[in-house]
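Just below is one structure, and these are the notes that go with it.
We're numbering straight along the sequence, starting at 1.
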Amino acid sequence: MKFWRNLGLGVAMLAMTSVASANPGNKLGFNTSGLSQIAVSNPFIDKFKVSRGWITSCEFNWQENRPIDAGCTKKKSFNTGETDKVKVDRFGWPMRLPASGEAPIYTSINAIWDLGEYFTLGDYVVTYQGDVDIKPHGDLTITSEAPGRIEFNLKSTKRNLRLHVTRINPGNYLRNVKVIPKKFVAVASRQKFNPDYLNTVRPFNSIRFMPWQNTKDTLLTRWEQRTTPNDAFYNKNAGMPVETMVELSNQVNVDPWFSMPHLGDNTFMYRFAQSVKQNLKPHLKVYVEYSNEIWNYMYPATHHATLMGKKMWPNGYPKINQGSRNLKWALNYNALRTGQICDIWKQVFGNQKNRVVCVVSAYAGAPAMGEEILTCPLAGGNCAQKVDAYGIAPYFGDYIARIENRNLLRQWAHSGAAGMNNLFREINQGNLIQDNIPGGAIPRAVKNRMTPNVALAKKHGVKLVAYEGGQHLLRVDGAHRIHDEKIFELFSNANRDPRMIQSYQQYLQAWKRSGGGIMMHFNGISNIDNRNYFAMLERPENPNSAKYRALTQYLRQR
């Protein structure tokens, strides 16, 4: 999602070879949903990998209003907040529970799932190794129990699904837990990915794994800290294993797009690139960028880049205001670090370096940010020569919710079908919201975001791509906070409305005519609700949403 706070600012950077040959015809990819939505997007057969990790619990007698475990309270009974105290092996499997008299409050642990509306229901098989007491809880019926195997029927998502572990034998601790829909048990040993998910994503040309990598929040610095395929959980700060992302790319024949962690050291970058080269199918390309939106001060990477830039060029831009100066430091450091990362990837791929597409990104509404990062005066100049593509996020429709339009939008939101008609009339035709750009949301995106950035990319000899794109009805920058729930409801319903097909067709054709290359829709499969409208789908089974239909129709056009 794009949260613009500093509208005059921007840029994030990346590295490597010819995008022109990478993007013939209509090219589309998508961003995965975030790790918090991974149980909804449902990419894996084994659901245990996408649970939230070990939640520590204690016993409290609610009838008598007293603790059973020392230090336990009502508030702490389900989650004592002691996850970091769970004794685990190097893969994250719990080796023991606290003994009586030990300091931790918790006496049991849970693996828990946040179930979205479309989480897979029906029969499940739980298998595990170890001498433990473990039991599933939720709106379910246990149908079979034996050491190492439990079967249950999940009836609904009314209550969170969880596996409760109340005893662990340290000499034979809990390992290799799997939670698999019964219909997939026969194929689970040889098939990692949910067949419905594979069929849904197969039409696309690329997958941007930034959300799976947890790029916005990760503290990953060294290769040894990464998530491996053998780890108990994938839903943690280090994000998804690179091997898993490459395996998915291979299976559906798409080019992976990686957003490298802003704190990652050179050894991490080198080892990551090695893993990709060794495992990615030889006909596939790989897109590489440094972090995500290093111009957006919502994200730690931008603050880090500012500090690093200030340290390297303390005398840079002395005559401008401090906010603008901070941004210039961030942009130039981004350019410098991107070049270093690109050099590493080029070295690793050697005579196959043309498979690597280096991307540097900036805020679409401020081409001056792209100019700063491509010219990078503090970082030595002419950083455009280090990259192959300049990326933007040319969203459409965000202006509709601006504060100066809020009264009109509120009228639409409280007018039922007539209000929805007005919203789509403004998106597709315009002229209901008065400004000097006639024709609605799409021409506005073309004039303000596509055309000037095409010219900038052409000026510097790089290809224009979209690291994100699609509708962006919601505005979340500070000056444009929305409190009326009816407005949120209007936007969420609009994203499910069949008329969104026409909007997307108009939008994608405008992007193509402008000269843009591949566009990575934001995002893939997740909930659409009153504050998240970005998904192309809400479930991988039987994909038939308006946005997904529009995207796949575009891909079929030549």
Side-chain angles (χ1 to χ4, degrees), residues 1-2 28 30-34 36-43 114-121 156-157 196-197 199-201 203-204 211 395-401 409-429 432 440-442 445 468-476 482 484-509 519-555:
M1 308 175 195
K2 299 299 52 67
L28 281 179
F30 68 94
N31 286 257
T32 63
S33 59
S36 64
Q37 289 282 320
I38 201 166
V40 178
S41 61
N42 198 12
D114 293 322
L115 304 185
E117 181 181 356
Y118 300 117
F119 190 84
T120 304
L121 304 180
S156 77
T157 60
D196 291 322
Y197 186 88
N199 290 334
T200 296
V201 306
F204 293 89
Y395 287 104
F396 70 89
D398 59 310
Y399 71 96
I400 293 173
L409 183 61
R410 189 173 290 113
Q411 291 176 21
W412 294 354
H414 289 263
S415 299
M420 186 67 76
N421 291 340
N422 285 334
L423 177 60
F424 275 102
R425 180 180 168 189
E426 175 59 32
I427 291 172
N428 296 332
Q429 302 171 22
L432 295 182
I442 315 306
E468 294 174 13
Q471 66 75 41
H472 198 305
L473 292 175
L474 178 64
R475 291 188 68 84
V476 294
I482 295 173
D484 190 331
E485 290 296 325
K486 280 290 185 179
I487 294 177
F488 292 122
E489 183 179 334
L490 175 71
F491 289 161
S492 60
N493 289 339
N495 272 274
R496 295 185 175 104
D497 194 291
R499 283 170 287 188
M500 192 60 78
I501 296 176
Q502 178 188 350
S503 303
Y504 263 65
Q505 288 174 337
Q506 186 180 349
Y507 171 68
L508 292 169
Q509 290 299 328
M519 174 180 284
M520 311 298 291
H521 183 265
F522 194 88
N523 59 19
I525 305 168
S526 68
N527 287 330
I528 289 179
D529 56 36
N530 278 10
R531 281 175 173 75
N532 175 25
Y533 322 126
F534 294 94
M536 67 180 179
L537 276 174
E538 296 183 74
R539 60 190 302 176
E541 303 91 348
N542 303 315
N544 195 35
S545 74
K547 288 188 283 190
Y548 183 82
R549 287 166 60 191
L551 293 167
T552 51
Q553 286 173 14
Y554 177 78
L555 282 166

What pairs with [X] under side chain to side chain contact (heavy atoms under 4.5 Å, CB included), at least two apart in sequence or on another chain?
X    : answer
N493 : M420, E489, R496
P498 : none
N422 : W412, L432
T552 : P203, F204, Y548, R556

Salt bridge (Lys or Arg N to Asp or Glu O under 4.0 Å) involving [X] - partner list, sequence neighbours excluded:
X    : answer
E426 : none
D196 : none
R425 : none

Determine the minimum heavy-atom distance between [X] and [Y], stating which atoms define it.
X    : Y    : value
T32  : Y197 : CG2-OH, 4.5 Å
I525 : S41  : O-CB, 3.2 Å
G524 : F30  : CA-CD1, 3.7 Å

With a 3.5 Å distance limit and no angle check, can you tell me whether [X] reaches the backbone of [Y] through a side-chain donor-acceptor pair?
X    : Y    : result
Q37  : N527 : yes
Y507 : G470 : yes
H472 : L474 : yes
S526 : A535 : no

About how many Å separate [atom2] of [Y] and [atom1] of [X], when rounded to the nearest 0.5 Å?
X    : Y    : atom1 : atom2 : answer
M500 : F424 : CE    : CZ    : 4.0 Å
Q471 : I427 : CD    : CD1   : 8.0 Å
N523 : N532 : CG    : CG    : 6.0 Å
L423 : D497 : CG    : CG    : 9.0 Å

>> I need the full list of salt bridge (Lys or Arg N to Asp or Glu O under 4.0 Å) pairs touching residues 541-552, with sequence neighbours left out, sorted by first then second residue.
In response: R539-E541
> Does H521 have its ring centroid less than 6.0 Å away from the ring centroid of Y504?
Replying inline: yes
> side chain to side chain contact (heavy atoms under 4.5 Å, CB included) between L490 and L409: does it pass, once the steps are laid out?
Replying inline: CA-CA 9 Å; L490 175 71; L409 183 61; 3.9 Å; yes
According to side-chain hydrogen bond (donor to acceptor under 3.5 Å, both in side chains), who are the partners of [X], at least two apart in sequence or on a separate chain?
X    : result
N199 : none
S492 : N530
Q553 : Q505
S503 : N428

>> Angle between ring planes, F522 versus F534, binned at 30° and 60°: parallel, tilted or perpendicular?
In response: perpendicular
> Can we say K486 and D484 salt-bridge, meaning some charged N sits less than 4.0 Å from an Asp/Glu carboxylate O?
Replying inline: no
